[in-house]
Amino acid sequence: MKNPKFKTALLGVLTLLTLGLFTTGCSSDDNSSEPFKQEKDTYKITVTLADVDQDRDYVSITFVGGTITGKTDVWKVNGVVKTNEAAASLSKKDFGTGAKTYVIETTEPIHALTGSVQIINYGADLPFNYTIEKAGKVLISEKATLSGDGKDFTKQYTF
């Protein structure tokens, strides 16, 4: 590459290729003509677990959501507003012998909700059920009993 004319030509070709990649990568075809939907909804999650073994079982139920403006402290659990909490979360310490039910609700309509439910049984049978409602309509309804050491139930949701 001792020829300066060759170097200049090669640099020019590489510049044109780079510009070509940028202009095709940023074409207007990528932009949707549909406006962003600002639909907001309220959510309600009802969770019931029975006979959680505090020493052996594993329970993790977490939901997060927010508005388009970034507000995430929109939760109440069993009617108690959770100020400054970005997520609603339950663990095995929230349950015990007998059946216990929690109702997790949004305090205002939100744009998005995501959550996960993971229950692992290491003791006696572990019955559970939960529902997820959006604007009063049931979207998810799960009911099962985990029987046997190490049986698990794991789901993730995004709305």
Side-chain angles (χ1 to χ4, degrees), residues 18 21-159:
T18 303
L21 288 173
F22 279 119
T23 57
T24 58
C26 298
S27 70
S28 63
D29 293 343
D30 293 340
N31 299 328
S32 174
S33 61
E34 288 185 30
F36 176 75
K37 293 184 180 178
Q38 294 189 14
E39 176 183 325
K40 296 192 291 185
D41 289 299
T42 56
Y43 291 88
K44 178 180 176 182
I45 301 106
T46 305
V47 180
T48 303
L49 272 90
D51 300 324
V52 174
D53 184 332
Q54 296 294 310
D55 296 325
R56 300 182 72 198
D57 295 331
Y58 177 83
V59 176
S60 176
I61 300 167
T62 304
F63 286 91
V64 296
T67 66
I68 205 168
T69 60
K71 183 172 172 60
T72 57
D73 60 339
V74 294
W75 302 104
K76 64 181 172 178
V77 177
N78 287 348
V80 177
V81 175
K82 300 296 183 179
T83 306
N84 297 324
E85 292 186 27
S89 182
L90 300 171
S91 68
K92 69 180 178 181
K93 68 180 176 64
D94 296 304
F95 300 93
T97 55
K100 188 153 189 182
T101 299
Y102 285 92
V103 178
I104 302 168
E105 298 174 89
T106 55
T107 57
E108 63 184 81
I110 59 176
H111 290 94
L113 173 79
T114 188
S116 66
V117 175
Q118 184 174 35
I119 304 166
I120 305 173
N121 176 29
Y122 290 107
D125 289 355
L126 181 57
F128 70 91
N129 63 42
Y130 67 93
T131 59
I132 301 173
E133 299 175 41
K134 177 181 178 180
K137 180 181 175 190
V138 174
L139 300 177
I140 305 292
S141 181
E142 297 280 356
K143 183 175 185 173
T145 298
L146 298 177
S147 298
D149 199 29
K151 295 292 182 186
D152 77 337
F153 179 87
T154 302
K155 295 270 180 128
Q156 294 181 340
Y157 304 98
T158 300
F159 304 100

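Just so it is clear, the values below take in all heavy atoms, side chains as well, and ignore hydrogens, waters and symmetry mates.
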Can you name the closest pair of heavy atoms from [X] and [Y] and give their distance?
X: Ala87; Y: Thr62; result: CB-CG2, 4.3 Å
X: Val77; Y: Ala88; result: CG2-CB, 4.5 Å
X: Thr131; Y: Ser141; result: CG2-OG, 3.8 Å
X: Ser147; Y: Asp125; result: OG-OD1, 3.1 Å
X: Val64; Y: Ala86; result: CG1-O, 3.8 Å

Atom pair [atom1]/[atom2] of [X] and [Y] - distance to nearest 0.5 Å:
X: Lys134; Y: Ile140; atom1: NZ; atom2: CD1; result: 11.5 Å
X: Thr106; Y: Lys76; atom1: OG1; atom2: NZ; result: 8.5 Å
X: Phe63; Y: Leu90; atom1: CZ; atom2: CG; result: 9.0 Å
X: Ile110; Y: Thr72; atom1: CD1; atom2: OG1; result: 10.0 Å

Within the 4.5 Å heavy-atom criterion, are [X] and [Y] side-chain neighbours or not?
X: Trp75; Y: Ile104; value: yes
X: Asp73; Y: Glu85; value: no
X: Pro109; Y: Thr42; value: yes
X: Phe159; Y: Ile132; value: yes
X: Asp57; Y: Leu49; value: no

Could you tell me whether the side chain of Glu105 and the main chain of Gly79 form a donor-acceptor pair under 3.5 Å? no
Indicate yes or no for a side-chain donor-acceptor contact from Asp53 to the backbone of Gly123 under 3.5 Å, with no hydrogens or angles considered. no
Set out, in order, the CA-CA distance, both residues' side-chain angles and the distance that settles side chain to side chain contact (heavy atoms under 4.5 Å, CB included) for Leu146 and Tyr122, then state yes or no. CA-CA 9 Å; Leu146 298 177; Tyr122 290 107; over 6 Å; no
Starting from the C-alpha separation in whole Å, work towards a yes-or-no answer on side chain to side chain contact (heavy atoms under 4.5 Å, CB included) for Val47 and Phe128. CA-CA 8 Å; Val47 180; Phe128 70 91; over 6 Å; no
Under 3.5 Å, is there a donor on one side chain and an acceptor on the other for Thr67 and Thr69? yes
Look at atom CD of Glu108 and say whether more than 12 heavy atoms of other residues, nucleotides or ligands are closer to it than 6.0 Å. yes
Ignoring hydrogens and angles, write down the donor-acceptor pairs under 3.5 Å from the side chains of residues 93-101, residues two or more places apart or on other chains.
| residue | atom | partner | partner atom | Å |
| --- | --- | --- | --- | --- |
| Asp94 | OD2 | Ser91 | N | 2.8 |
| Lys100 | NZ | Tyr102 | OH | 3.4 |
| Thr101 | OG1 | Thr48 | OG1 | 2.7 |

Determine the interplanar angle of the Tyr157 and Tyr130 rings, folded into 0 to 90°, and report it as parallel if under 30°, tilted if 30 to 60°, perpendicular if over 60°. perpendicular
Contacts satisfying salt bridge (charged side-chain N to carboxylate O under 4.0 Å, His left out) that involve residues 147-157 (not counting sequence neighbours) are Arg56-Asp149, Glu142-Lys155
